[in-house]
Structure formats: structure tokens, C-alpha cells
Amino acid sequence: MSILTADQVAQFEEQGFLLVSGLMPEGTAARAEATLCRRLGISLDDPSGWPDRTTASGHDAPEILACLTPEMAAAAAQLSGEEVPGWRPPSSLFTINAFPQPGPWAHHGPHIDHAIPKDGFRTFPRPMRLASLIYLNDVAPQSGGTVVWPGSHRKILARAESDPERYAYMWVLNESLGDMDLGEGVEVASQAGDILFYHYLCAHSGSRNAGSRPRFAIAHKW
């Protein structure tokens with residue numbers, strides 16, 4: 001099933017990421033946000049109860065699980081070039097919750113996923129088809145948005161292929177990013193219900209939430 005246009009697929013292949021709207025029913029993100037707030041024991045109207053940092057948590061609430069749709073799975077298959085056989089929604093989803101923090105906005109520096117040494121993920125074959133972030137609310141500029149490095153997946157792939165033995169593990173490849181010219185990072189502006197797909201070797205980063213509202217997103221690997 002083709003969900004995305006040829007231009008969208010070409011953009012993903014060139015840039016290493018793609019922001020897509022309209023892959024979940026209207027109102028789904030708002031219901032998930034409300035449920036997440038209840039589960040975290042916070043109110044959007046009472047900042048005094050918010051953590052002063054980014055937190056992560058797993059959830060099995062139906063309202064949150066509903067954010068992962070068959071249309072997203074179909075889009076992931078198009079972008080990765082590999083079908084997800086017998087795809088079914090997972091039993092829980094992982095959220096990354098960026099709460100406002102004092103100080104100027106800044107990103108945390110580029111990295112690639114699956115790069116924790118103890119996990120031992122290998123670079124080849126790829127450890128996942130691709131990754132994604134599903135935004136549950138609007139993300140204003142400098143409010144905890146995701147930063148991506150356009151075209152970085154091509155440079156990082158070239159580095160890995162230049163010495164497959166040396167860069168056999170994702171964590172080793174990740175450590176080499178500091179001496180690579182990845183260009184400038186771009187902050188992604190997103191709205192509730194948007195999903196950011198990115199290549200498994202796309203350099204990306206979280207950022208400080210210098211805004212006034214929390215940023216809620218589901219992180220999911222395909």
C-alpha cells in the first residue's frame with residue numbers, strides 16, 4: 001500500500017528524514033496527550049507540578065497505543081524498502097517528554113540511535129528499518145523540537161563502509177561523528193499528529209525546551 005508520494009520518498013532518500021502529517025485520525029494525538037498527562041500525574045494548567053527535565057516512560061494505555069496506525073506502518077515500509085510482515089501494534093509505547101527548562105535553547109549534539117555499547121547493536125545489517133518520533137502536541141520553535149542533520153546518513157554510511165571491521169558496531173560509529181563534517185543541524189517544526197521518520201544512520205538530537213509548554217512524543221523503531 002502506497003501512502004507517500006514519490007517526491008516524499010525521494011526527499012527521505014536525499015535528506016535522511018521526512019516529516020509527515022495525516023497518518024493518524026483527527027483527535028488521536030490530543031487524547032493521547034491527555035492520557036499521558038494523567039499517567040504522569042501532571043496538569044498542563046499547573047507548571048508547578050512539571051519536572052524540570054526531559055523524562056521517558058513506557059505506556060500501554062489504549063489512547064496512546066492508538067497513535068501507531070497501519071498507515072504509519074505502510075509509510076515505514078515505503079521509506080525503508082522493506083515490508084513489515086504481519087505488523088501488529090505493540091503492547092506498549094515509549095514516550096520522551098521534554099519539559100521546559102531554564103536557560104537558552106540549544107541542542108544536545110548529533111548522535112545515531114542504537115549506539116549504547118552494552119547493547120551491542122551491529123552496523124550491518126542495519127539493526128532496524130528506520131526510526132520515528134510521533135508528536136502528541138504542537139512544538140513551537142526552541143521548545144524541545146528534534147534537530148536533524150540533512151544528508152548526514154549518506155556521510156555516516158560512507159564512513160561505516162570505508163572500514164566495516166572498525167565500524168562493525170553502532171556505538172563505535174557514533175563515537176566517530178565528532179570528527180565528521182555533518183553540516184548544520186536543522187530544528188524540525190511539527191504539529192500534533194505529525195510523525196518524523198528518519199534513516200537509521202541519520203544524525204539527530206533532542207534539544208532544550210526553552211518554551212512554555214511540555215513537548216510529548218512517542219519514539220518508535222520499525
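Residue numbers count from 1 along this sequence.
With values rounded to the nearest 0.5 angstrom, Ile218 atom CD1 is found 5.0 Å from Leu93 atom CG. Considering OG1 of Thr95 and CD of Glu33, their distance stands at 11.5 Å, rounded to 0.5 Å. Between Asp46 atom CG and Cys37 atom SG the span is 11.5 Å, to the nearest 0.5 Å. The structure places OH of Tyr135 at 4.5 Å from CG of Leu196, a figure rounded to the nearest 0.5 Å. From Ile134, atom CD1 reaches atom CG of Leu23 across 9.0 Å, with rounding to the nearest 0.5 Å. Residue Thr146 holds its OG1 atom at 11.0 Å from CZ of Phe17, rounded to the nearest 0.5 Å.
Across Ser205 and His108, no two heavy atoms sit closer than the pair OG-N, 3.0 Å. Residue Glu83 comes nearest to Ala77 through the heavy atom pair OE1-CB, 3.8 Å, listed as atom of the first residue, atom of the second, then distance. Nearest heavy-atom pair, Trp50 versus Ser43, reported as atom, atom and distance to 0.1 Å: NE1-O, 2.8 Å. Residue Asn137 comes nearest to Pro214 through the heavy atom pair ND2-O, 2.7 Å, listed as atom of the first residue, atom of the second, then distance. Taking both residues in full, the closest heavy atoms of Ala73 and Trp222 are given as CA-CZ3, 3.5 Å, listed atom of the first, atom of the second, then distance. Across all their heavy atoms, Ala210 and Gly103 have their closest contact at CB-O, 4.0 Å.
Here the side chain of Ser207 pairs a donor or acceptor atom with the backbone of Gly145 at under 3.5 angstrom. Between the side chain of Gln11 and the main chain of Leu18, no donor-acceptor pair closer than 3.5 Å is present. At least one donor-acceptor pair under 3.5 Å links the side chain of Arg215 to the backbone N or O of Gly144. Without hydrogens or angle criteria, Ser152 side chain to Ala203 main chain gives a donor-acceptor distance under 3.5 Å. Using modelled atom types, no side-chain atom of Glu63 and backbone atom of Thr35 make a donor-acceptor pair closer than 3.5 Å. Under the 3.5 Å distance criterion, the side-chain polar atoms of Arg53 are left unmatched by any main-chain donor or acceptor of Gln101.
Listed by chain and number, the residues in a salt bridge (charged side-chain N to carboxylate O under 4.0 Å, His left out) with Arg31 amount to none (sequence neighbours excluded). Residues that satisfy the salt bridge (charged side-chain N to carboxylate O under 4.0 Å, His left out) test with Glu13, not counting sequence neighbours, are absent from this structure. In this structure, Asp138 has no salt bridge (charged side-chain N to carboxylate O under 4.0 Å, His left out) partners at least two apart in sequence or on a different chain.
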Evaluation steps, side chain to side chain contact (heavy atoms under 4.5 Å, CB included), between Tyr198 and Val188: CA-CA 12 Å; Tyr198 57 95; Val188 176; over 6 Å; no
Show the numbers, then the answer: is there a side chain to side chain donor-acceptor pair (under 3.5 Å) between Asp113 and His204? CA-CA 9 Å; Asp113 287 340; His204 62 284; 3.0 Å; yes
Starting from the C-alpha separation in whole Å, work towards a yes-or-no answer on salt bridge (charged side-chain N to carboxylate O under 4.0 Å, His left out) for Glu82 and Arg126. CA-CA 12 Å; Glu82 182 179 345; Arg126 58 185 177 183; 2.9 Å; yes
Check the pair His107 / Val148 against side chain to side chain contact (heavy atoms under 4.5 Å, CB included), numbers first and verdict last. CA-CA 10 Å; His107 63 69; Val148 289; over 6 Å; no
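Cluster partners of Ile96 are Phe94, counting Ile, Leu, Val, Met, Phe, Trp and Tyr whose side-chain heavy atoms approach within less than 4.5 Å, directly or via other members. Counting Ile, Leu, Val, Met, Phe, Trp and Tyr side chains that sit under 4.5 Å apart, directly or through other members, Met128 shares a hydrophobic cluster with Trp105, Ile112, Phe121, Phe124, Val147, Trp149, Ile156, Leu157, Tyr167, Tyr169, Met170, Trp171, Val172, Leu173, Leu177, Met180, Leu182, Tyr200, Leu201.
Listed by first then second residue, pairs satisfying salt bridge (Lys or Arg N to Asp or Glu O under 4.0 Å) with a partner in residues 140-168 read Glu14-Arg154, Arg159-Asp179, not counting sequence neighbours.
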